[in-house]
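Reviewing the structure listed below.
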Amino acid sequence: MGRPQTIDEYVEGFAGQARELLQQVRELAREAVPEASEAIKWGSPAWVHPSGTILFMASAHAKHANVVFTPSTREAFDADLAGFTTGKGSVRLPYGRPLPDDLLRRMIAFRVREHERDGVLWM
């Protein structure tokens, strides 16, 4: 099929826990930032601010999904993320564990604020 053109196509490319977790992240994103548009950026789902700036992205892998924010957003939640594997801006969500919705909601709200108030763009 080639590279997915929509988030629907991306999610449909996975099964089981990967698909389930991606759908949960998508529902959470729609709820937390209803004004954001969905797009595929660099082959992965992204949520884009009306200004055109990427707010965050998600991707599925063999044993986990990643949700990727800016490094400044990820660093602001270091204490909350102690039980997670993290990268420069990413949070690894292992399959089979509940989605940390409250934490992700707070991270999304922080990311929207840092963009709207402080002008923080995507990496």
Side-chain angles (χ1 to χ4, degrees):
M1 175 172 95
R3 289 176 70 120
Q5 301 300 307
T6 66
I7 293 182
D8 284 331
E9 288 177 11
Y10 185 90
V11 171
E12 286 165 14
F14 294 90
Q17 292 179 321
R19 181 181 286 190
E20 190 179 317
L21 191 60
L22 285 169
Q23 287 172 328
Q24 290 173 351
V25 168
R26 188 179 194 188
E27 287 166 21
L28 178 69
R30 285 177 168 164
E31 195 181 290
V33 274
E35 69 278 12
S37 58
E38 295 181 336
I40 295 291
K41 302 283 187 180
W42 301 287
S44 295
W47 285 267
V48 182
H49 189 274
S51 69
T53 294
I54 295 171
L55 293 171
F56 58 96
M57 297 178 67
S59 58
H61 305 276
K63 297 184 184 312
H64 69 277
N66 276 340
V67 178
V68 183
F69 295 95
T70 55
S72 49
T73 292
R74 209 266 313 132
E75 288 163 11
F77 290 87
D78 273 349
D80 300 281
L81 293 167
F84 294 89
T85 302
T86 59
K88 181 178 171 187
S90 64
V91 178
R92 183 178 288 190
L93 304 174
Y95 300 138
R97 279 177 56 185
L99 186 72
D101 9 13
D102 180 60
L103 175 57
L104 290 176
R105 228 179 242 106
R106 289 185 290 126
M107 292 181 80
I108 291 167
F110 181 95
R111 173 66 186 120
V112 170
R113 272 195 315 275
E114 79 164 6
H115 172 63
E116 292 180 349
R117 189 182 60 214
D118 306 325
V120 178
L121 302 176
W122 191 243
M123 299 178 247

Quick check against the 3.5 Å criterion: does [X] have a side-chain atom that pairs as donor or acceptor with the backbone of [Y]?
{"X": "Glu38", "Y": "Ala36", "value": "no"}
{"X": "Arg19", "Y": "Glu12", "value": "yes"}
{"X": "Arg74", "Y": "Gly87", "value": "yes"}
{"X": "Arg111", "Y": "Leu55", "value": "yes"}

Rounded to the nearest 0.5 Å, what's the gap from [atom1] on [X] to [atom2] on [Y]? Could you check?
{"X": "Thr70", "Y": "Lys88", "atom1": "OG1", "atom2": "NZ", "result": "10.0 Å"}
{"X": "Leu81", "Y": "Arg92", "atom1": "CG", "atom2": "CZ", "result": "13.5 Å"}
{"X": "Trp122", "Y": "His115", "atom1": "CH2", "atom2": "NE2", "result": "12.0 Å"}
{"X": "Phe77", "Y": "Phe84", "atom1": "CZ", "atom2": "CZ", "result": "12.5 Å"}
{"X": "Ile7", "Y": "Glu9", "atom1": "CD1", "atom2": "CD", "result": "11.0 Å"}
{"X": "Asp80", "Y": "Met107", "atom1": "CG", "atom2": "CE", "result": "8.0 Å"}

Exercise. Using the ring of each side chain (for Trp, its six-membered ring), is His61 parallel, tilted or perpendicular to His64, with breaks at 30° and 60°?
Worked result: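 Parallel: the ring planes of His61 and His64 meet at under 30°.
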
Problem set entry | Plane angle bin for Phe56 and Trp47 - parallel if under 30°, tilted between 30 and 60°, otherwise perpendicular |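 Aromatic pair Trp47/Phe56 classed parallel.
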
Could you pull out the closest heavy-atom pair between [X] and [Y], with the gap in Å?
{"X": "Glu114", "Y": "Ser72", "answer": "OE1-OG, 2.7 Å"}
{"X": "Leu28", "Y": "Leu99", "answer": "CD2-CD2, 4.3 Å"}
{"X": "Leu22", "Y": "Ser59", "answer": "CD2-C, 4.4 Å"}
{"X": "Tyr10", "Y": "Ala60", "answer": "OH-N, 2.9 Å"}
{"X": "Ile40", "Y": "Pro4", "answer": "CG2-O, 3.6 Å"}
{"X": "Ile54", "Y": "Ala46", "answer": "CG2-CB, 4.3 Å"}

Exercise. Between Trp42 and Met57, is a side-chain contact (heavy atoms from CB on, under 4.5 Å) present by the stated rule, with each step listed?
Worked result: CA-CA 10 Å; Trp42 301 287; Met57 297 178 67; 3.8 Å; yes

Problem set entry | Within-4.5 Å side-chain heavy-atom neighbours: Thr53 and Glu116 |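 When only atoms from C-beta onward are counted, Glu116 and Thr53 do not touch, as no gap falls below 4.5 Å.
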
Exercise. So Leu104 and Phe69, side-chain contact (heavy atoms from CB on, under 4.5 Å) or not? Walk me through it.
Worked result: CA-CA 10 Å; Leu104 290 176; Phe69 295 95; 4.3 Å; yes

For this session: Find out if a path of hydrophobic residues (ILVMFWY) with successive side-chain heavy-atom gaps under 4.5 Å connects Leu103 to Val25.
Result: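 Linked within one cluster.
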
Exercise. Among the clusters formed by ILVMFWY side chains lying less than 4.5 Å apart, do Phe110 and Val120 turn up in the same one?
Worked result: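 Not linked; separate clusters.
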
